[in-house]
Amino acid sequence: MRTDAARLWGEACSLICKELPEKDYETWILELNPTSFEDDTLTLEAPFGLFRDRVRQAYLPAIERAVSVAADRRCRVAVVVGSLGRTRATTQDRPRPAGGRPVKRPANLMGRKTFENFIVGESNRLAWAAARQLADGDTSTGNPLFIYGGVGLGKTHLLLAIAHKLKLRGRRVLYYQGEDFTRKMVEALRLDRMDAFRREFQVADALLIDDIQFIAGKKRTQQEFYHAFNLLHGAGKPITLAGDREPSELETLEQGLKSRFQGGLLADLAPLDKDLRYRILRVKMKESGLELSDSAIERVAGRLQGSVRDIEGMVLRLRAATTHHGPDLDERMVETLIAPYVGSAAPVTLDKIIDTVAWVYSISRGELLSRDRSRRVAWPRHVAAYLCRKLTNASLPEIGEVLGGRNHTSVLRAVRSVADRVSGDAAFCSRLREIEGMLGHVRDNGVGARL
Ligand code: ADP
Ligand code: MG
C-alpha cells in the first residue's frame, strides 16, 4: 500500500513540477510525504499545520489533478500533519525520480543518539568526554555533570547516549525532560501518589534531566527535585543535567540547587567551528543517503552556519530534492534549498570584490581597472583577480573582462602570484582574510578559512 502511495506520488510529482513555478514546487511540494493510498484517496503528510493549510489552499487542485492523471482515474488528496518522527520514518517511501533510479534507503535517517554517532570537535570535546566517563559509572571528575549550550548543539543527544550506555550495563536510568518532571510531579500531587513518584528516585541508578531550565522558577518542583537530587547524589549515583545556559545564569534557579550544580562538572557545548560543521555535513549526508555532485557540496560547505540541527534540516531538505532531481542540483536550486539555513548573505559578486579591494588598498575603482602597471595599482588588481577566482564561479575570461579587459592568461598569472604569496606570508594571509570577512564570506572569525 505504501509503495503504491509512493509510486503514485512520484509520478504525480513529475507532472506537478512542470506545472508549478520551480520555487513553489521546491518549497511546498517537495516537503510532502505520501503515507497511504486507499479508496482512491492519497494521503500526504505536511510538516506542520500552517504548511498543511497553505498547501490545501494554494496547491490542492493542482495536486489532485496530477494524482488523477497519474492514477488514470479521479482521485482525491488528503493533506494532514505528520509528526516529525513519523514523517521521517517513512522517507523510504518518498517518490522515486521519473527515471526510476531507486532512492537509497538509509538505515536510520539521522543516526541513533549514541556516543558512536556523536561527531567530536574542539567545541564539544569536553562535554563528550565527560559524558562518556559518567556513562561508565565514573563520577570521580564531578557529579553532577552539567552540560549547557544553545539549541541544536547536542545536549539531548549526549544525555540519550549516556542513558543508552548505562542501560546496556543494566542500570536503571531515570530520564526526564524538565517539563515532564514538573508535569509528573503535579499529577502525582493531584492524585495523591507522591510516594510512588518518589520511589522511582529511590530505586534509580542514575538520573538524567534534560532542559533543566524548565524546572527553574517553579518552587514546589524545585523542592521536590532537590530532594530527589540529594537522594541520588548522596548515594554516589551519576547525575547529568542539561540546560540552555550555565547554572549561575539560570536566574530563577534556587540557590541550593545552583551551588549543587556548580559543585559538579560544568561542560559547555560551544557553537560549531567551520571544520566541525563540515565534518558533520559529510556524516549526515552519508547517514541520510544524500548524494550531491562535488560542485554542489562545495557550494553548500562554503556557506554552512548554525547548529547541528540546522545542518540536519538542510540535509533532509536537499535529500528530498535529489530524490526528484538526482544529485546534480543546479546552483539556483541549491541556493533556494539552503537559503533558510545559511542566512540571507547574498553571493559575492565580481563588482563587490572590485570595490572592496580598491577600498582596502586606497585606490579608486578606475585605477584598479586601468592599464596602470605600477605596483601600487597592479597588486590590488591581482588580489581582486584572486578573490574573484576563489569566491565566485566566474571563468578566467569573465574575470579578465570585468577587470578592465584583460586576457585570461594574465588573470591566471595574477591569481598564481597571489596564491604564491598566500602560502608564504602570514601577514598578507590575515589581510586577505579580513577582505573576505568584509565580503561576508568568512563567518567564523576566520577559523579554518581556506586560502
Ligand atoms: P539540543 O538538545 O542541544 O538542542 P540535540 O541533542 O537535540 O540538541 O541535537 C540536535 C540534532 O543534532 C540531533 O539530531 C542530534 O542527534 C544531532 N547532533 C547534535 N550534535 C551532534 C554531534 N556532535 N554529532 C552528531 N549529531 C549531533
Ligand atoms: Mg534538547
Side-chain angles (χ1 to χ4, degrees), residues 47 83-89 91 106-135 144-165 173-183 207-216 240-247 249-250 266-290 300-301 304-320 340-341 444 448:
S83 75
L84 190 65
R86 259 194 311 132
T87 308
R88 297 312 182 206
T91 39
N108 184 324
L109 205 54
M110 278 306 173
R112 295 174 45 141
K113 316 296 179 204
T114 61
F115 286 118
E116 290 71 34
N117 289 332
F118 192 80
I119 306 155
V120 186
E122 286 318 308
S123 59
N124 59 17
R125 189 179 306 281
L126 174 63
W128 170 78
R132 277 182 44 140
Q133 194 172 3
L134 210 73
L145 166 63
F146 192 101
I147 299 173
Y148 64 95
V151 175
L153 291 174
K155 299 182 295 294
T156 299
H157 188 131
L158 283 179
L159 287 197
L160 294 176
I162 295 174
H164 179 68
K165 188 134 190 224
V173 179
L174 255 192
Y175 172 91
Y176 274 114
Q177 297 274 336
E179 280 164 319
D180 287 347
F181 181 88
T182 309
R183 198 169 41 74
L207 176 63
L208 307 173
I209 309 264
D210 202 352
D211 292 325
I212 190 87
Q213 68 270 15
F214 293 123
I215 282 187
T240 311
L241 312 156
D244 64 350
R245 64 203 94 162
E246 55 178 301
E249 289 174 12
L250 289 169
L266 300 181
D268 75 324
L269 289 168
L272 310 177
D273 59 45
K274 201 163 175 170
D275 168 65
L276 186 54
R277 274 196 196 112
Y278 184 68
R279 283 195 289 131
I280 287 172
L281 172 71
R282 297 311 298 245
V283 174
K284 299 289 171 184
M285 281 180 61
K286 199 160 168 221
E287 278 176 6
S288 67
L290 169 62
V300 173
L304 278 184
Q305 63 176 25
S307 69
V308 187
R309 183 168 294 146
D310 293 327
I311 298 176
E312 286 186 351
M314 189 174 76
V315 165
L316 289 172
R317 199 170 154 91
L318 286 166
R319 182 172 176 278
Y341 302 96
D444 302 316

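As the structure lists them, so they are numbered: ligands from 1, and atoms in each ligand from 1. All values reported here derive from a predicted model rather than from experimental measurement.
- The ligand atoms of ligand 1 that sit less than 4.0 angstrom from a heavy atom of Glu312 are 11 (C), 12 (O), 13 (C), 14 (O), 15 (C), 16 (O), 17 (C).
- Of all the heavy atoms of Asn117, the ones lying under 4.0 Å from any atom of ligand 1 belong exclusively to the backbone.
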- [ ] I would like to know whether Val151 and Arg309 meet side-chain contact (heavy atoms from CB on, under 4.5 Å); could you show each step before the answer?
- [x] CA-CA 8 Å; Val151 175; Arg309 183 168 294 146; 3.4 Å; yes
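- Residues Ile311 and Arg277 have side chains in contact (heavy-atom distance under 4.5 Å, counting atoms from C-beta outward).
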Open item on the list: Let's go through Leu158 and Leu269 carefully: what are the C-alpha distance in whole Å and the side-chain angles of both, what is the deciding distance for side-chain contact (heavy atoms from CB on, under 4.5 Å) to 0.1 Å, and is it a yes or a no?
Closed with: CA-CA 10 Å; Leu158 283 179; Leu269 289 168; 4.3 Å; yes
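- Put simply, the side chain of Arg132 never gets that close to the backbone of Ala161: no donor and acceptor are under 3.5 Å apart.
- Considering backbone and side-chain N/O of Ile280, none are found under 3.5 Å from N/O of ligand 1.
- Under a 4.0 angstrom heavy-atom cut-off, Gly150 registers as being in contact with ligand 1.
- Considering backbone and side-chain N/O of Val120, none are found under 3.5 Å from N/O of ligand 1.
- Listed by chain and number, the residues in a salt bridge (Lys or Arg N to Asp or Glu O under 4.0 Å) with Arg125 are Glu122 (sequence neighbours excluded).
- Closest heavy-atom approach to atom 1 (P) of ligand 1 among the candidates Ala127, Gly313, Ser307, Gly152: Gly152.
- Residue-ligand proximity, Phe118 to ligand 1, at heavy-atom distances under 4.0 Å covers atoms 20 (N), 21 (C), 22 (C), 23 (N), 24 (N).
- Met314 is not listed as a side-chain neighbour of Arg317, based on a closest heavy-atom distance of 4.5 Å or more.
- Ligand 1 places these atoms under 4.0 Å from at least one heavy atom of Val308: 12 (O), 17 (C), 18 (N), 19 (C), 20 (N), 21 (C), 26 (N), 27 (C).
- Contact check for Tyr148 versus Leu241: no side-chain heavy atoms found under the 4.5 Å cut-off.
- Listed by number with element, the atoms of ligand 1 under 4.0 angstrom from any heavy atom of Lys113 are 13 (C), 14 (O), 15 (C), 16 (O).
- The atoms of ligand 1 that sit less than 4.0 Å from any heavy atom of Val151 are 4 (O).
- Listed by number with element, the atoms of ligand 1 under 4.0 angstrom from any heavy atom of Gly154 are 1 (P), 3 (O), 5 (P), 6 (O), 8 (O), 9 (O), 19 (C), 20 (N).
- Taking all heavy atoms of Leu158, Asp210, Ile119, Thr114 into account, the minimum distance to atom 22 (C) of ligand 1 is reached by Ile119.
- Summarising the geometry, atom CG belonging to Asn124 is positioned 5.5 Å from atom CG belonging to Leu276; distances are rounded to the nearest 0.5 Å.
- Shown here are the protein N/O/S atoms lying under 2.8 Å from the Mg ion (ligand 2), water excluded: Thr156 OG1.
- Applying the salt bridge (Lys or Arg N to Asp or Glu O under 4.0 Å) test to Arg183 and every residue at least two apart in sequence or in another chain returns Asp180.
- Within the listing of ligand 1, atoms 23 (N) sit less than 4.0 angstrom from a heavy atom of Asn124.
- Residues passing the side chain to side chain donor-acceptor pair (under 3.5 Å) test with Tyr175, sequence neighbours excluded: Gln177, Asp210.
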- [ ] Could you go through the side-chain contact (heavy atoms from CB on, under 4.5 Å) check for Ile212 and Leu250 one step at a time?
- [x] CA-CA 9 Å; Ile212 190 87; Leu250 289 169; 4.2 Å; yes
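- Looking at Lys155, its side chain never comes within 3.5 Å of a backbone N or O of Asp244 through a donor-acceptor pair.
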